[in-house]
Every structure is written in C-alpha cells, then in structure tokens.
Number of protein chains: 2
Amino acid sequence: MSDDPENPGRTTYRHGDLRGALIAAGVEMAREGGPRAVVLREATRRAGVSPNAAYRHFADRAALLHAVSDTCLGFAADRIQQALDEHPPTGDAEADARMALRAVGLGYIAFAREEPGLFRTAFSVPDDLRQAMSPAKAGRNGLTPFQLVGGALDALVAAGVIPPERRENAEFLAWAAVHGLGMLVIDGPLRGLDDRMIDYSTDRLLDMVDRGL
Amino acid sequence: MSDDPENPGRTTYRHGDLRGALIAAGVEMAREGGPRAVVLREATRRAGVSPNAAYRHFADRAALLHAVSDTCLGFAADRIQQALDEHPPTGDAEADARMALRAVGLGYIAFAREEPGLFRTAFSVPDDLRQAMSPAKAGRNGLTPFQLVGGALDALVAAGVIPPERRENAEFLAWAAVHGLGMLVIDGPLRGLDDRMIDYSTDRLLDMVDRGL
DNA sequence: TTCTCGATGTGTACACTGCCCACAACAGCG
DNA sequence: CGCTGTTGTGGGCAGTGTACACATCGAGAA
C-alpha cells in the first residue's frame with residue numbers, strides 16, 4: 001500500500017482508469033529519462049498496483065511504450081498548434097502560408113528543446129504511413145503533427161507558393177529537415193550550444209526549406 | 001591483431017584483445033537489434049569470457065555502448081566514402097562540388113537503409129561538437145562523417161557555388177536534412193515504402209538542400 | 001434477490017540484466 | 001626466483017519483464 005498523499009490509496013478493488021494511470025506514469029518517466037526510462041514495474045508502483053496488473057491493459061512493455069509514445073506525439077501536436085497560434089494570419093495569403101509552415105517547424109523544434117525526453121519517446125517507436133494519422137497520436141485539436149505539416153503545405157499550394165507537382169510527399173522533406181535538426185539539438189553535435197546559436201540555426205534551416213521545397 | 005575470430009575456447013588465461021572482441025560482439029548485436037540489443041553479458045559470452053571481465057575494459061554498459069556507437073559512426077564514414085568514390089570528379093569544379101555533397105547524402109541514406117541497426121546505434125549516444133571529430137569516430141579514411149560533410153561544403157565554397165557567408169554552420173543544415181530523412185526511413189512514416197519511392201524522396205531532399213543552402 | 005461469470009488485480013516464480021565485492025591466474029619486472 | 005599490477009573468475013544482490021495460478025468483485029442472468 002502506498003500512502004502517497006498525492007495519489008491516495010484506492011479503496012475499491014478496481015482502479016478505475018489503470019490504463020490511463022499507467023500511461024500518465026510512463027509519460028512522467030519519459031519526460032525525465034526518455035524512452036528507456038519507461039519501466040513497466042515502476043509505472044505500476046506509481047499507480048499503486050501490483051506489477052502484473054499492467055498486463056490486463058498492455059500486452060507487454062513495448063505496448064505500454066507505444067501508448068506513451070503516441071501520447072507524446074499528441075503533446076508535440078499541441079506545441080505546434082501553440083506556435084501556429086502565436087503567428088496569426090495577416091491577410092496576405094502568400095506570407096501567411098509561408099509563416100504557417102515556419103511556425104510548424106518552430107513549434108516542432110521548441111518541443112524538442114523544451115521536452116527532450118518526450119520528443120525522444122515520441123519517435124522511439126517504429127511507425128509507418130498508415131499509422132501516422134491515427135487519432136491516438138493527435139493533440140487537443142484532433143490533428144497529428146504529420147497532418148499539421150500537411151495542412152501548412154496545402155496552404156502553400158493554395159497560395160501559389162508551391163507548384164502542385166511539388167506538393168506530393170513534400171511532408172517528408174520538410175519533416176525530415178526539422179526532425180533532423182531536433183535530433184541534432186538534443187542528442188547530436190549541436191547539443192549544449194547556446195540558445196541564440198540554436199535559434200539562428202533553426203532560422204537558417206527554415207530558410208532552406210522555404211527556398212528549397 | 002584480429003585473428004582467430006571464431007575461437008570458442010582460448011588456451012591462455014589472457015584473452016589478448018578482449019576490448020576489441022567486446023566491441024565487435026556489440027556491433028554484431030547492434031546490427032540486428034539496434035542500441036537496445038547491445039547487452040554487456042551477451043558480449044562477454046560471445047567473447048568466451050566471464051561477465052565481469054568486461055569491467056576491466058569498460059566502466060559500465062554505457063561505456064561499451066559508446067565505443068560501439070563510435071565504431072558505427074566509422075562505418076557510416078566508410079559508406080559515405082564509398083558513395084564519393086562512386087561519383088568521381090569530372091573536371092567541372094562546380095558540378096563536381098555539387099555532386100560531392102550529393103554523394104555524401106546518398107551514402108548517409110544508403111547506410112541508414114542497409115544497416116538500420118548500426119545507424120540507430122551510431123546516433124543513440126549523446127554527443128557534442130567537441131567530440132564530433134574525435135578519431136574514434138573516423139572511418140578507414142581517417143575522417144568522421146561530420147568532417148566529410150564539412151569537406152563537401154568547403155568544396156562548394158571554393159567552387160563559388162555557396163557564398164562564404166553561408167558556409168558557417170552549413171554542416172548542421174545539410175546534416176539535419178539528411179539525418180532526418182534517415183530516421184524517417186528506418187523508424188518513421190516512410191518505413192516500409194518501396195525502394196523507388198525512397199530513392200525519389202532522397203533525390204528531392206538533396207535537391208532541396210542544393211537549392212536552399 | 002441470489003448466482004454466476006468474465007474482467008481486473010494479486011502472489012509467486014523464473015530467467016535475465018547490470019554491477020559490486022573478494023579472489024585467482026598470470027606476464028613482466030626486479 | 002619472488003613481487004606486483006593487470007586481467008579474468010565466482011558468488012551475490014537488486015531490479016526488470018513476464019508466465020502461471022489464484023483472489024476479488026461488478027454486473028447481468030435466474
């Protein structure tokens with residue numbers, strides 16, 4: 001029995017929302033230590049439940065990690081949406097479309113920098129195109145990061161900035177650039193560079209995408 | 001230095017090159033299962049040695065993984081060099097410089113696709129700028145992947161393709177794009193796409209870098 | 001109302017991991 | 001020859017994932 005004041009020991013035999021509690025605990029561990037820190041037994045401990053109870057809701061540790069990863073992708077979507085909200089449209093369709101794609105990138109990088117553990121966890125699980133738009137990976141706005149990038153690109157086509165024949169699969173190019181920068185910043189050679197330097201590199205990378213798409 | 005690779009039971013008390021054998025075993029495990037599959041005890045088992053012997057050569061599992069990761073980066077450098085060799089200079093300095101940067105990207109992506117486990121392992125260990133050029137991460141040509149990208153960019157500046165003021169930190173932009181694509185291909189939404197599709201995306205990404213740098 | 005049953009949580013157990021400690025064997029030195 | 005520091009061994013501990021049998025209980029059937 002845990003006498004944790006924040007997590008009162010339950011009185012009922014049933015937990016109520018053990019699945020959700022395990023995911024929440026997993027997210028908390030992922031926040032501090034990345035995907036490797038998501039430990040099944042520790043999650044059950046935090047939920048005040050015996051280790052094997054987890055197996056009523058997840059086939060194995062990988063399944064739990066997958067659910068945690070999806071949740072993290074939703075958080076990424078939220079952060080991207082926040083960046084979009086910070087750059088409201090001005091009325092100039094072309095400039096707005098450009099700025100929206102930029103905002104998606106800025107939100108993505110911001111998420112990587114603010115929550116490196118969650119960022120790593122979000123992308124620690126193999127994924128494929130079919131599942132990239134699964135609602136489980138969506139944020140509060142109901143969209144996944146992948147769909148947010150796609151939306152920004154559609155707007156660029158609608159505004160005439162990108163010719164339609166370049167639209168196809170452009171998600172992958174934009175995403176690759178931004179995702180790569182995110183990795184380099186939290187785990188790669190850019191780690192520990194001062195903030196201004198990273199801001200500058202982010203700007204230049206987004207310039208490159210803007211020019212090169 | 002590297003004889004008797006398949007010696008089940010050694011006769012001498014000393015192993016001879018246990019450190020190297022452990023790294024080699026680690027690389028083999030990484031090849032099949034990525035960084036998570038690099039397990040210390042299994043490495044000692046494959047080296048025909050007791051578990052604790054590893055601690056005479058590595059402080060802990062993280063240290064072994066780090067050494068394996070460095071080795072993998074060297075393999076990446078080798079694959080990039082191979083791609084460079086496959087596109088020999090034609091005499092046109094400008095076209096050659098462009099092609100060299102392209103070849104670096106192609107080699108990088110080829111490595112990710114051919115050896116996903118080693119690729120993941122190479123970048124599973126936190127790193128910073130100071131260590132990006134450590135000789136431990138170099139390939140047979142003595143250069144690290146980071147240095148190979150840098151060289152290609154220097155050639156682009158020398159050929160007048162890139163203005164010098166855009167040279168600084170351009171490594172990060174080119175690297176981010178290619179690295180991101182590599183991750184998307186082996187772990188992300190592009191996983192399982194057919195080869196032609198990936199080739200096409202790679203081409204378009206390198207176009208973007210070429211245009212956008 | 002009572003009974004049953006499927007869903008959910010518990011207890012025990014096993015194989016495996018990383019890592020700590022004390023000890024054993026040996027190569028290279030005087 | 002003996003000493004000594006390096007390298008490998010053996011036993012042990014805490015912690016992990018997970019398989020199996022069992023306990024508890026909520027809800028629908030009788």
Side-chain angles (χ1 to χ4, degrees), chain A residues 1-4 7-30 32-69 121 124-126, chain B residues 1-2 4 7-30 32-69 117 121 124-126:
Chain A
M1 274 302 186
S2 82
D3 30 13
D4 186 351
N7 202 358
R10 68 188 190 286
T11 56
T12 60
Y13 184 76
R14 305 297 169 101
H15 179 284
D17 181 25
L18 182 53
R19 184 186 160 84
L22 291 174
I23 292 178
V27 167
E28 230 39 51
M29 294 184 271
E32 291 168 19
R36 243 197 110 176
V38 177
V39 157
L40 193 143
R41 283 176 104 107
E42 174 65 17
T44 60
R45 224 169 282 136
R46 296 191 187 190
V49 113
S50 91
N52 287 329
Y55 289 90
R56 299 297 168 192
H57 301 273
F58 300 99
D60 52 16
R61 174 184 179 275
L64 169 61
L65 184 58
H66 197 103
V68 171
S69 163
T121 306
S124 68
V125 162
Chain B
M1 50 160 111
S2 62
D4 60 38
N7 202 346
R10 69 188 187 287
T11 59
T12 61
Y13 184 76
R14 304 297 170 100
H15 179 284
D17 182 24
L18 182 52
R19 183 187 160 86
L22 291 174
I23 292 178
V27 166
E28 230 41 49
M29 294 184 270
E32 291 167 19
R36 230 193 123 186
V38 177
V39 38
L40 194 143
R41 282 176 106 106
E42 173 65 17
T44 61
R45 223 170 282 136
R46 296 191 186 190
V49 116
S50 90
N52 289 326
Y55 290 92
R56 299 295 168 191
H57 301 273
F58 300 99
D60 53 16
R61 175 185 179 274
L64 169 62
L65 184 58
H66 197 103
V68 171
S69 164
T121 306
S124 68
V125 163

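Note that the coordinates shown come from a computational prediction; the quantities given were computed from them, not determined experimentally. The sequence lines fix the lettering, A, B, ..., with proteins before strands; numbering per chain opens at 1.
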For atom [atom1] of [X] and atom [atom2] of [N], their distance in whole Å:
X: B:L40; N: D:dT16; atom1: CG; atom2: C1'; value: 16 Å
X: B:R36; N: C:dG18; atom1: CZ; atom2: P; value: 12 Å
X: A:L65; N: D:dT16; atom1: CG; atom2: P; value: 16 Å
X: B:M29; N: C:dT17; atom1: CE; atom2: C1'; value: 13 Å
X: A:R56; N: D:dC22; atom1: CZ; atom2: P; value: 14 Å

So, OP1 or OP2 of D:dT6: does either fall under 4.0 Å of a side-chain N or O from B:H57? no
If each of A:E42 and A:A59 is mapped to the nucleotide of DNA chain D with the nearest heavy atom, which maps nearer the 5' terminus, i.e. the 5' end? A:E42
Checking contacts here: which listed nucleotide ([options]) is nearest the side-chain heavy atoms of [X]?
X: B:D60; options: D:dT18, C:dC19, D:dT9; answer: C:dC19
X: A:H15; options: C:dT17, D:dG17, C:dG9; answer: C:dG9
X: B:A53; options: C:dT10, D:dG8, D:dT18; answer: D:dG8
X: A:N52; options: D:dC20, C:dG18, D:dT9; answer: D:dC20

Within the 4.0 Å heavy-atom criterion, would you say B:R45 contacts the bases, only the backbone, or no part of the nucleic acid? sugar-phosphate
Using every non-hydrogen atom in the two residues, find where [X] and [Y] come nearest and quote the distance to one decimal.
X: A:P126; Y: A:H66; answer: O-CE1, 4.3 Å
X: B:V38; Y: B:G26; answer: CG2-O, 3.7 Å
X: A:I23; Y: A:F58; answer: CG1-CZ, 3.8 Å

A side-chain contact here means heavy atoms from C-beta on lying under 4.5 Å apart; do A:T44 and A:L18 qualify? no
Decide yes or no for A:L40 and A:L22: does some side-chain heavy atom of the first lie under 4.5 Å from some side-chain heavy atom of the second? no
At less than 3.5 Å, do the side-chain atoms of A:R41 and the base atoms of D:dT18 form a donor-acceptor pair? yes
Please state whether the base of D:dG17 and the side chain of A:R61 form at least one donor-acceptor pair under 3.5 Å? no
B:Y55 or A:A54: which one's nearest nucleotide on DNA chain C is closer to the 5' end? A:A54
